[in-house]
2 protein chains.
Amino acid sequence: MKRIAESTVRRLSLYLSFLEQRERDRVNTISSDELAHLGGTTSAQVRKDLSLFGSFGKRGLGYSIPELSGKLREILGLEKQWRVCIVGAGKIGAALARYRGFAERGFVIAAVYDSDPAKLGKKWESQAIRDVANLAKDALSERFDIAVVATPPESAAEVVKVIVEAGIKAILNFAPTQLTVPSDVTVRAVNMAIELEGLSFALTNRAR
Amino acid sequence: MKRIAESTVRRLSLYLSFLEQRERDRVNTISSDELAHLGGTTSAQVRKDLSLFGSFGKRGLGYSIPELSGKLREILGLEKQWRVCIVGAGKIGAALARYRGFAERGFVIAAVYDSDPAKLGKKWESQAIRDVANLAKDALSERFDIAVVATPPESAAEVVKVIVEAGIKAILNFAPTQLTVPSDVTVRAVNMAIELEGLSFALTNRAR
DNA sequence: ACATGTGAACTGCTTCACAGCG
DNA sequence: CGCTGTGAAGCAGTTCACATGT
């Protein structure tokens, strides 16, 4: 399969979230132009994005919402359940564990780890917090697909080493650190400092 | 000033964080090649990024770490203090309020808002949680520079309306909703669902 | 000799514009 | 006629390669 740009995949996710809203409204067709408006892009961009995966629309009509959202879920791999383990039982981990949207989209929080003895064993949304020392062993039997790194920056590198050795191929990193991983492991980083600094830059350098 | 790509600004933030690590180590010069390694890019990219703002290096030597980090702070607008208000006193708001790194970089949490009567008045890292109904009024006297939207998706649009009317020109959005704002308002969005779906896509479509 | 700074070449994402089809 | 699907054109960001300065 052809290589797909990250920006394209992000837009596909967006399109899907709009379609899901519309599904609830019982509207059942949508044009590339409407999708473009919702997502702040152009109709040509929408059609190009979708055309990378097939021809899902009807000329003169637009796209069937149930059909297109099904296709997008398929493309994005949201038809299977993904087993996620969260490493780091701080506020960010908590926010993730509590967020209902994940379960809806097939992301199952399968385990939560921390290294703080005070937290171990405490229940968290029906999960007991486990000792991160057991992660490697647990991963063998529980087959985590995705690991979320929500530790302080000092521990991130070490945790990632364990994650990689456990054979997990996808990491969502909330620690403000650059991770080094083999090329078959995919990392997405969310770095709040970088976002805030981007805003700072925009405020400082915008035309007056 | 020439338009700068968002990707460039993100890299500048990264470079700065590496320089700050090195500053602590009392090393005082660094080459574009080293910076590139730390940030997973190329030396040409580093030099091109920096050259957009001036010539900060010495040929044959590299960049002075204190000088370059100073320049980067200046470029990114991190020399002044930015007043941030957080709207939504949930877990994400809490994670932000607690994160020490922000204060260090000049982002001052000036206020925290919520609409839940049960939360109002409670203290949070030395901030009393205020009623979001007062946001518009408070903004007049307290001059918030940046607003963080950390509310549930249903309330995001309404909150953003108030933020924009209050004259705040920069928004960091954690709600999984597309925001509509005038073109003089900068928005950065952090959407965990999109990141996870990106990982799902990568796991589904990677070469086998 | 070494590492920067930068025009030129390149790559790849986005936009255009229109043929194709319902 | 309307809206999709898609080559071709355009443009922006990245990489190359070398002249330049120390």
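Order of the sequence lines fixes the chain letters, A, B, ..., with proteins taken first and strands second; residue numbering starts at 1 for each chain. Note that this is a predicted model, so its numbers are computed, not measured.
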With respect to the side chain of A:R47, which nucleotide from C:dA17, D:dT14, C:dG5 is positioned closest?
C:dA17

Nearest nucleotide by nearest heavy atom, which residue falls closer to the 5' end of DNA chain D, A:S51 or A:L61?
A:L61

Check the distance between C:dT11's P and A:I4's CD1 and give it to me in whole angstrom.
19 Å

Rounded to whole angstroms, how far apart are CG on A:D49 and P on D:dT4?
13 Å

Do side-chain atoms of A:T186 reach the backbone of B:L199 as a donor and acceptor pair under 3.5 angstrom?
no

At under 4.0 Å, does any side-chain N or O of B:Y63 touch on OP1 or OP2 of C:dG5?
yes

Mapping B:S32 and B:K48 to their closest nucleotides on DNA chain C, which lands nearer the 5' end?
B:S32

Quick check on DNA chain C: between A:R11 and B:G62, whose nearest nucleotide comes earlier from the 5' end?
B:G62

Name the residue closer to the 5' end of DNA chain D, choosing between A:G60 and A:A44 according to the nucleotide with the nearest heavy atom.
A:G60

Mind checking A:S43 for me? I need base, sugar-phosphate or nothing, with any heavy atom below 4.0 Å counting as a touch.
nothing

Test your reading of the model: is there a side-chain donor-acceptor pair from B:S200 to the backbone of A:L76, 3.5 Å cut-off?
yes

Is B:R59 side chain donor-acceptor paired with the D:dT22 base, going by distance under 3.5 Å alone?
no

Counting neighbours of CD on A:Q81 that are heavy atoms of other residues, nucleotides or ligands and sit closer than 6.0 Å, is the number greater than 12?
no

Take the protein atom CD of B:Q45 and the nucleotide atom C1' of D:dG13, then report the distance between them rounded to whole Å.
7 Å

Under-4.0 Å salt bridge between A:R73 and A:E20:
yes

Are any of A:S7's side-chain N or O atoms less than 4.0 Å away from OP1 or OP2 of C:dC13?
no

Taking the minimum atom-to-atom distance to the side chain of A:S31, which one of D:dT4, C:dT14, D:dG13 wins?
D:dT4

CZ of B:R3 versus P of D:dA12: gap in Å, rounded?
8 Å

Could you tell me the separation between the CG atom of B:L35 and the C1' atom of C:dG5, rounded to a whole number of Å?
15 Å

Atom-pair distance (CD1 on A:I65; C1' on D:dC3), nearest Å
15 Å

Under a 4.0 Å N-O cut-off, is there an ion pair linking B:E125 with A:K91?
no

What is the distance, rounded to the nearest whole Å, between atom CZ of B:F56 and atom P of D:dG21?
18 Å

Separation of A:R10 atom CZ from C:dC13 atom C1', in whole Å?
15 Å

